[in-house]
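Reviewing the structure listed below.
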Amino acid sequence: MHKNPFQRSLSYSWHQLNAKQIPSNLKGKSKSSQEWLLRQLADPYVEKARMMNYRCRSAFKLLEIDDKYKIISPGDVIIDCGAAPGSWTQIAAERCNANGKIENKPLGAVFSIDLRNIPPVTGATILGGMDFTKTESQLRLKKALDGRRVNCVLSDMAPNATGVKMLDQENIINLCYAVLKFALAMSSTQANLLMKVWDNADVPKLEKDLQRFYANVKRVKPRASRGDSSEHFLLARNYKGIDHAANHYSESSSGNS
C-alpha cells in the first residue's frame, strides 16, 4: 500500500529525529523546560511545520478540521482570535484565498488579533498587541471589517495557566463566551465558529448555548492535539442568524458576562 505524502513526510521526520542526538544545551534549564524541549524534538508535527513553512505545529489542527468539515471557502471573511504566532492565519489566508493564490476564485479576507505581536501574513490584516476581550479592541476590529459580515470565526485562544485548575477552567470558558458574543454580532447566516476549550464541567453548558444559535455543534480533537492534553475544540456550523441570536443570547449569557 502506498503512503500518502503526509504519511511519508512524517515517516521521514521520525527517521531524521531518531538520527539526532539529545541536545546538549539542557544544563541549567528547569525540569519543565527540559521536558518541553525534548517533546518538541520528538514531535513529528514540529518538523512537518518547519518543512512546510508554517509558524508552529498548530497549523495541522486547523488543516485537519477544515479538510474534514469544510469550514473555510474562497471568498470568506475570517476572524482569527488569539492568532500569534500566525499559523492559523496562514491556513485561513490560503483557504479563503486572501493571499490571491487560487486562480479564478473570489478573494477572501483574514483579520487576526492577539495580545502579542504577529509577523505579517500575506492577505491578512494584523491587529497585534491588542486584547480581544477589551471593548476598544473589538471596536478596532469592527472598524477594520468595514461593514463586512464574517463567515468564520476561529479562536485558538487560551489564558495563561495559573496552576489553579478551577480558575484556569473559568478563564478559558470566559474567553469562549467573549468570542461567541462577538461572533453572534458580526457573523453572516450559515457562518461557522471554531473555539479551543479545555475539558471541564462547564463545557456541556457552553455546547448547549452554541446549539441555540448554530445548526450543528460538536467536539473535535484533531490528531495534532497532543494525546495527554485536555485541549479540544468546539465546532459550531451554520449560524442561524442575527435575529435568532438577538432573541436568545441574553438568556444564554446571563451567568457568563
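Along the sequence shown, residues carry numbers from 1.
Contact of the F182 side chain with the V153 side chain is not registered, since no non-hydrogen atoms from C-beta on lie closer than 4.5 Å. Using a 4.5 Å heavy-atom threshold, the side chains of L194 and S155 count as separate. No side-chain heavy atom of D199 sits less than 4.5 Å from a side-chain heavy atom of K221. Side-chain contact between I71 and L235: present, with at least one pair of heavy atoms (C-beta onward) separated by less than 4.5 Å. Residues V220 and H232 are not in side-chain contact: their nearest non-hydrogen atoms beyond the backbone lie 4.5 Å or more apart. Residues L139 and S137 fail the side-chain proximity criterion, which asks for heavy atoms closer than 4.5 Å. Contact annotation: the side chain of M195 approaches that of L210 to within less than 4.5 Å [non-hydrogen atoms, C-beta and beyond]. In this structure, F111 and I78 have side chains that are not in contact, with every pair of non-hydrogen atoms separated by 4.5 Å or more.
For the residue pair A92 and I72, the shortest heavy atom distance occurs at CA-CD1, 4.3 Å. Closest approach of N117 and G128 over heavy atoms only: OD1-C, 3.9 Å. Heavy-atom minimum distance, G75 versus N151: O-OD1, 4.3 Å. Between A98 and V110, the shortest heavy-atom contact is CB-CG2, 4.0 Å. Between G86 and V121, the shortest heavy-atom contact is O-CG2, 4.4 Å. Taking every heavy atom of both residues into account, E207 and V217 meet most closely at O-CG1, 4.2 Å.
For residues 70-89, every residue pair satisfying the side-chain hydrogen bond (donor to acceptor under 3.5 Å, both in side chains) rule, not counting sequence neighbours, is listed here: S58-S87, D80-T89, T89-S112. Residue pairs satisfying the salt bridge (charged side-chain N to carboxylate O under 4.0 Å, His left out) criterion with at least one member in residues 97-120, sequence neighbours excluded, are listed as follows: D114-R116. Screening residues 138-160 for salt bridge (charged side-chain N to carboxylate O under 4.0 Å, His left out), with sequence neighbours left out, gives D156-K196.
In this structure a side-chain-to-backbone donor-acceptor pair under 3.5 Å is present from N97 to P106. Remark: side-chain polar atoms of K240 are paired, donor with acceptor, to backbone N or O of Q211 under 3.5 angstrom. In this structure, N238 contributes its side chain and Y214 its backbone to no donor-acceptor pair below 3.5 Å. Remark: the backbone N or O of W198 is paired with a side-chain donor or acceptor of N200 at under 3.5 angstrom. Of the possible donor and acceptor atoms, none in the side chain of T122 sits under 3.5 Å from a partner among the backbone N and O of N99. Looking at Q138, its side chain does come within 3.5 Å of a backbone N or O of F132 through a donor-acceptor pair.
Every residue two or more places apart in sequence or in another chain that forms a side-chain contact (heavy atoms from CB on, under 4.5 Å) with A191 is listed here: S187, S188, Y239.
Once rounded to the nearest 0.5 Å, the distance linking CG of L184 with CG of L180 reads 4.5 Å.
Under the 4.5 angstrom side-chain criterion for Ile, Leu, Val, Met, Phe, Trp and Tyr, L107 has no cluster partners at all. I118 belongs to a hydrophobic cluster whose other members, connected by ILVMFWY side-chain contacts under 4.5 Å either directly or through intermediates, are I126.
In summary, of the residues considered (N160, T162, I173), a side chain to side chain contact (heavy atoms under 4.5 Å, CB included) with D168 occurs for T162 alone.
Tracing side-chain contacts under 4.5 Å through hydrophobic residues (I, L, V, M, F, W, Y), one never reaches I102 starting from V77; they form parts of separate clusters. In the hydrophobic clustering of this structure, L115 does not group with V179; members are Ile, Leu, Val, Met, Phe, Trp, Tyr whose side-chain heavy atoms approach within less than 4.5 Å, directly or through other members.
In this structure, K205 does not pair ionically with D202, as no charged nitrogen and carboxylate oxygen lie closer than 4.0 Å.
For the residue pair Y69/N192, the side-chain donor-acceptor check at 3.5 Å is not satisfied.
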